[in-house]
Number of protein chains: 2
Amino acid sequence: MASIKDVAAAAGVSVATVSRVLNDHPSVSDDARTRVLAAVAALGYRPNAVARSLRTDQTRTLGLVISDVLNPYFTELARSVEEAARALGYSVIIGNADERPELQDHHVRTLLDRRIDGLLVSPTDGGSPLMLEAARGGTPMVFVDRWIPGVDVPVVRSDGRAAVRDLVAHLHGLGHRRLAIIAGPAATTTGSERVRAFREALAEYGVPLPEAYIGQGDFQAESGRRVTEGFLDLPEPPEVIFAADNLMALGALDAVRARGLRVPDDVALAAFDDIPWFVHTDPPVTAVAQPTGELGRAAVRALVDRIEGRPPQSVTLPARLVVRRSCGENPDQNVQNRSQS
Amino acid sequence: MASIKDVAAAAGVSVATVSRVLNDHPSVSDDARTRVLAAVAALGYRPNAVARSLRTDQTRTLGLVISDVLNPYFTELARSVEEAARALGYSVIIGNADERPELQDHHVRTLLDRRIDGLLVSPTDGGSPLMLEAARGGTPMVFVDRWIPGVDVPVVRSDGRAAVRDLVAHLHGLGHRRLAIIAGPAATTTGSERVRAFREALAEYGVPLPEAYIGQGDFQAESGRRVTEGFLDLPEPPEVIFAADNLMALGALDAVRARGLRVPDDVALAAFDDIPWFVHTDPPVTAVAQPTGELGRAAVRALVDRIEGRPPQSVTLPARLVVRRSCGENPDQNVQNRSQS
DNA sequence: CGCATCCGTGTAATCGATTCCACGCGGTGC
DNA sequence: GCACCGCGTGGAATCGATTACACGGATGCG
């Protein structure tokens, strides 16, 4: 592959001049410029990003470590992050942690070794020493969706409390009183927060959330299935199951169907994180929808601000409830966005 | 960030010795080795992958350019590719083309600039000059899922012909005679091949595939919706709609539902590419399932063989039919894998 | 005892870019 | 006529690693 030296030789100038033309530095004569450009075209020369990064100490690359690519929510997040980054002249390298802390660490380490300019993370756990060290060590970093308390890093996320209140209002209005939740891992903020929001909303209606109605999942379909089976085996099974993410809702649907029960007649179902497929499931699933695209864009903006020396801002956007048929018929009620943040 | 020089200074040796320890080169004394290791630990030193790549001319990174991350099929493919690559000590950088040739080119160019060791591509179109040039220029390359005819690059894909024959047998057995297809872009191999396989299978039953029953889609949900509306507006609408990918099937489902029609009673539906959600749609969708994980692993194997100087092999794996309820009831028939390749 | 060998180590070249500094040249101002 | 300025240019240092080559000391063998 042709290097800058070859171009310089072909154009009859020094490498310094070639470099100046490439970075359109003003003080180059028109003559030299045209000769260099011609040589570049003739040789099909493309600058070596590796060499350039070594010299300039910047890669114009962002790392994004997400918990699970197979989850459509994160896929959409990744897409919007890449799009926003590209618009600002950055590339994105995605690391998929599969909800496994050691894999998350592997990706963080690899990205750091590659000297990415900044890191976007949706942590799988409470925070590995590696990540804490990176944050303190000055690596530009922003948390997205999930975060780690006590670490001084901007957070871009959505607040589902209002939407969860709307959901509980909807469920209560339909006459449901025994409500259960499939929680995510307690080590994740989204895992514990969604339970808290649910419990608080229930409290407003004087409805308790007994321990037996809190199932421990891990954001994967299989755990949704397992927890749902546990719920259905209770002497007094819940009337509603609220899954803290869409994959666990899928597992719950599996488990309910396997018992020959129907949604919403036998059990109602709701989920956190809306996805296009929920429109066509049997029945369509009521869900709390996050403004995923906005989240991705805001996260990139914050991270790039941090990288380029501007003060980054934490952002919290409201989620909203999308009512469908999985909790029971109630055609005209379509509670949305009751409050803004 | 600490560099190799800092480590050398701290350990009281030269950078050469540090490098030797890091790459566990045999001729280093135990004494020097322990001192270097101690210094590495004390400084939290991590080698700079950028500098290393510049010197060794290899990045231990693979590029993967896929047509659409939001399509669960490609997401799963990406996941298995990353997993297989990691097992072999490679990282993967994913580029999402969104089915847009110019975006595909952007990613190919960026990846080439980063001097990735090899490229895995599922081309969005018939092949841009850029990609052809890269292939001829000696960049290790492997096509996966889709390919470009006439280019000397190994192809890893699945053959859906047997599964499509099984599908047609299933449909014919249910009494359907007017069968339509929502095709993908003709510029993609999967776009044209699936139509051909469908037509050939129909021919075995003496059923024609009229032009009016071939809708032109672009592998996105919206096109599935549009084409389906066209089909339903025909004086003699088809009894079956076969979507050449899962997103267009989603769009078709949307369109059918919007008309107040039911699947399979009013129109039957089948799709290429099976996904977990198809189990829970209303009704569950009959689909041709590709061995996605295998495909990803085989593609990485072929590419790494090519990179490391071993002869790479093209691979073709059979797809299989998964019968569900979207084409009509026929409980005991579950045709699968009638033939192997 | 002398010479060849081997082992551990350091010096320095190298990868492909960017960029500081110095140089030559023509024009301007006094 | 001289000093100075600014512009276009090239030489060379530099980023952080790897690695060919040289060197010195210890060991082995005749």
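Below, chains carry the letters A, B, ... as their sequence lines are ordered, and counting in each starts from 1. If you're wondering where the values come from, they're calculated on a predicted model, not measured in any experiment.
For the pair B:T17 and C:dG8, the criterion of a side-chain N or O lying under 4.0 Å from OP1 or OP2 is not met.
Applying the 6.0 Å contact sphere to CG of A:D31 captures more than 12 heavy atoms from other residues, nucleotides or ligands. In this structure, A:Q58 places its CD atom where more than 12 heavy-atom neighbours from other residues, nucleotides or ligands lie under 6.0 Å away.
Taking for each of B:A32 and A:Y45 the nucleotide of DNA chain C with the nearest heavy atom, the 5'-most of the two is the partner of B:A32. Of the two residues near DNA chain D, B:L54 and A:R33, the one whose nearest nucleotide lies more 5' is A:R33.
Checking side-chain atoms of B:Q104 against main-chain N and O of B:T124 turns up a donor-acceptor pair under 3.5 Å. Side chain of A:D6 to main chain of A:S3: a donor-acceptor pair is present (N/O by atom type, distance under 3.5 Å, no hydrogens or angles).
Considering B:D98, B:N71, B:D68 in turn, B:D68 is the only one that fulfils the side chain to side chain donor-acceptor pair (under 3.5 Å) rule with B:Q220.
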Check nucleotides 20-28 of chain C against the protein and report each pair of N or O atoms closer than 3.5 Å, with its distance, or say if there are none.
none

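Following rounding to the nearest Å, B:D31 (CG) and C:dG10 (C1') show an atom-to-atom distance of 16 Å. The nearest whole Å value for the distance from the CG atom in A:D57 to the P atom in C:dT19 is 12 Å. Rounded to whole Å, the distance from CG on B:D30 to C1' on C:dC7 is 13 Å.
A:V13 comes within 4.0 angstrom of the backbone, heavy atoms only, and of no base. Heavy atoms of B:S19 sit under 4.0 angstrom from at least one base atom. Within the 4.0 angstrom heavy-atom criterion, base atoms lie near A:S27. Looking at heavy-atom distances under 4.0 Å, B:A49 makes no contact with the nucleic acid at all. Residue-level contact check: B:R55 touches the bases, meaning some heavy atom is under 4.0 Å from a base atom.
At a cut-off of 3.5 Å, with distance as the only test, no side-chain donor of A:R20 or A:S27 sits close to an acceptor on the other residue. Side-chain atoms of B:R114 and A:T61 include a donor-acceptor pair closer than 3.5 Å.
A distance of 3.5 Å separates OH of A:Y73 from CG of A:D145, quoted to the nearest 0.5 Å.
Taking a heavy-atom distance under 4.0 Å as the criterion, the stretch of DNA chain D touched by chain A extends 5' to 3' from D:dG8 to D:dG16.
Taking each heavy atom of B:D125 and B:P101 in turn, the nearest pair found is OD2-CB, 3.2 Å.
With distances taken from any side-chain atom of A:N23 to the nucleotides C:dT9, C:dT14, C:dT18, the minimum falls on C:dT18.
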